[in-house]
Amino acid sequence: MAEALAVAAADAAGTMRGRASRALAGLDALAVETRRRRRVRRVVLAMGIAALVGAGVLRLVDPPVPLGDRLADAIAAGDGDAVGGLIADGALEELDRARPAEAMRLAAATCDLAMLGRLADAGARRFADGRIREDAALSAAIRSCPRGVIEAVWEGSPSNAPPIHLMAFVAAEGSPAAVRTLAGLGFPLDGADGAAGPSPLEAAIRAGRADTAHALVALGADTRLRTADGEQLAVLLARLPSAADCAALAASSTAAWRDECASILHGGRP
């Protein structure tokens with residue numbers, strides 16, 4: 001009797017395990033089928049969207065460009081109408097918060113006095129900080145603009161930077177024409193002998209700017225002065241290439257070498 005009961009129990013357990021296995025197998029098959037159907041739906045949806053886009057029925061929309069970035073693009077393009085509309089929408093405040101003085105710098109970099117006036121009237125910042133030292137508009141104009149624009153920007157500049165510092169900046173970053181423009185406005189050519197800060201001529205030499213250095217000398221900069229380290233400017237100047245050096249090289253060199261010489265003459269600038 002006991003043996004019969006044991007056999008019956010074993011049969012029942014086996015039957016239950018079989019049913020459980022079949023149930024689990026069924027669940028696995030259902031899960032696999034569900035995942036397959038989801039993949040198919042995603043593929044069909046993607047294909048449908050692609051077809052609608054291709055047919056022009058549906059257009060994908062790019063995220064909106066921030067007002068400040070749109071204003072910067074409009075200033076660089078010289079689009080006064082777009083600039084006026086964007087300023088009315090608050091774009092100038094947004095741009096000045098994100099990139100202080102960027103609006104004035106962009107306008108000056110294109111030598112656009114009308115755009116500078118429009119931005120100034122709207123309250124655009126000319127300084128990246130509150131110290132009124134580096135005028136972003138003046139710095140940009142010095143780097144790229146003709147005499148008349150530099151003079152106009154300087155006349156409207158509230159910068160309190162010492163004139164000798166501005167002249168040194170022009171010597172290192174500007175052009176010979178910009179050097180002559182500021183000299184004509186009364187900016188000093190020389191600093192004190194052995195001064196801690198570089199004179200305009202020393203700044204030009206240190207920047208490798210043979211062109212502006214020679215322009216300063218032609219205007220009367222004193223090559224006998226010494227740097228804070230005691231080096232005479234004439235000795236430093238003699239180490240820079242001159243236009244004559246490039247001219248002599250050009251007669252027996254390729255165009256690439258002539259361009260390289262001109263690049264060195266202008267402190268690495270083309």
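What's counted below: heavy atoms across the whole structure, side chains too, no hydrogens, waters or symmetry copies. We count residues from 1, following the sequence as given.
In the hydrophobic cluster analysis, where Ile, Leu, Val, Met, Phe, Trp and Tyr join through side-chain heavy atoms closer than 4.5 angstrom, Ile75 is grouped together with Leu92. Under the 4.5 Å side-chain heavy-atom criterion for grouping Ile, Leu, Val, Met, Phe, Trp and Tyr, Ile164 is not connected to Leu138 through any hydrophobic cluster. When the side chains of ILVMFWY residues are joined at heavy-atom separations under 4.5 Å, either directly or via intervening members, Trp154 and Met115 end up in a single hydrophobic cluster.
Listed by chain and residue number, Pro200, Ala204, Leu216 satisfy the side-chain contact (heavy atoms from CB on, under 4.5 Å) test with Ala171 (two or more places apart in sequence, or in another chain). Under the side-chain hydrogen bond (donor to acceptor under 3.5 Å, both in side chains) criterion, Ser139 pairs with Glu134, sequence neighbours left out. Scanning for side-chain contact (heavy atoms from CB on, under 4.5 Å) contacts around Ala234 gives Thr223, Gln232, with sequence neighbours left out. Evaluation of the side-chain contact (heavy atoms from CB on, under 4.5 Å) rule for Ala152 yields Leu113 as partners, not counting sequence neighbours. Considering only residues two or more places apart in sequence or on other chains, Ala183 meets the side-chain contact (heavy atoms from CB on, under 4.5 Å) condition with Met167, Leu189, Leu219. For Glu151, the salt bridge (charged side-chain N to carboxylate O under 4.0 Å, His left out) partners are Arg147, not counting sequence neighbours. Phe169 meets the ring pair (Phe, Tyr, Trp, His ring centres under 6.0 Å) test with no other residue; sequence neighbours excluded.
Applying the side chain to side chain donor-acceptor pair (under 3.5 Å) definition to pairs two or more places apart or across chains, those involving residues 105-117 are Glu102-Arg105. Residue pairs that meet the salt bridge (Lys or Arg N to Asp or Glu O under 4.0 Å) test with at least one member in residues 178-188, sequence neighbours left out, do not exist here. Pairs engaging residues 204-239 under the disulfide bond (SG atoms under 2.5 Å apart) rule: none recorded [sequence neighbours left out]. Sorted by first and then second residue, the disulfide bond (SG atoms under 2.5 Å apart) pairs with a member in residues 149-182 form an empty list; sequence neighbours excluded. Listed by first then second residue, pairs satisfying side chain to side chain donor-acceptor pair (under 3.5 Å) with a partner in residues 65-92 read Asp69-Arg99, not counting sequence neighbours.
To the nearest 0.5 Å, atom CD1 of residue Ile150 and atom OG of residue Ser144 are 8.0 Å apart. In this structure, CD1 on Ile87 lies 6.5 Å from CZ on Arg118, to the nearest 0.5 angstrom. Summarising the geometry, atom CE belonging to Met104 is positioned 6.0 Å from atom CG belonging to Leu119; distances are rounded to the nearest 0.5 Å.
Between Arg206 and Leu236, some side-chain heavy-atom pair lies under the 4.5 Å cut-off.
A pairwise comparison of heavy atoms in Ala136 and Ala101 identifies CB-CB, 3.7 Å as the closest pair. Contact detail for Gly123 and Asp96: the closest heavy-atom pair is O-OD2, 4.4 Å. Leu116 and Ala107 make their closest contact through CD2-CB, 3.7 Å (heavy atoms, listed as atom of the first residue, atom of the second, distance). Summarising the geometry of Ala203 relative to Pro198, their closest heavy-atom pair is N-CB, 4.2 Å, with the distance given to 0.1 Å. Looking at every heavy atom in both residues, Leu240 comes nearest to Ala213 through CD1-CB, 4.3 Å. Heavy atoms only, all atoms of each residue included: Leu95 and Ala103 are closest at CD2-CB, 3.9 Å.
For Asp135 and Arg126, the salt-bridge test passes: some basic side-chain N is under 4.0 Å from an acidic carboxylate O. Salt-bridge check for Arg209 with Glu202: failed, with every basic side-chain N at 4.0 Å or more from each acidic carboxylate O.
Only one option out of Leu233, Thr227, Leu225, Thr212 pairs with Leu201 in a side-chain contact (heavy atoms from CB on, under 4.5 Å); it is Leu233.
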(request) Start with the C-alpha distance between Leu67 and Glu93, add both sets of side-chain angles, then the distance that settles side chain to side chain contact (heavy atoms under 4.5 Å, CB included), and finish with yes or no. (result) CA-CA 10 Å; Leu67 283 176; Glu93 291 82 356; over 6 Å; no
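Between the side chain of Glu94 and the backbone N or O of Gly68, at least one donor-acceptor pair lies under 3.5 Å.
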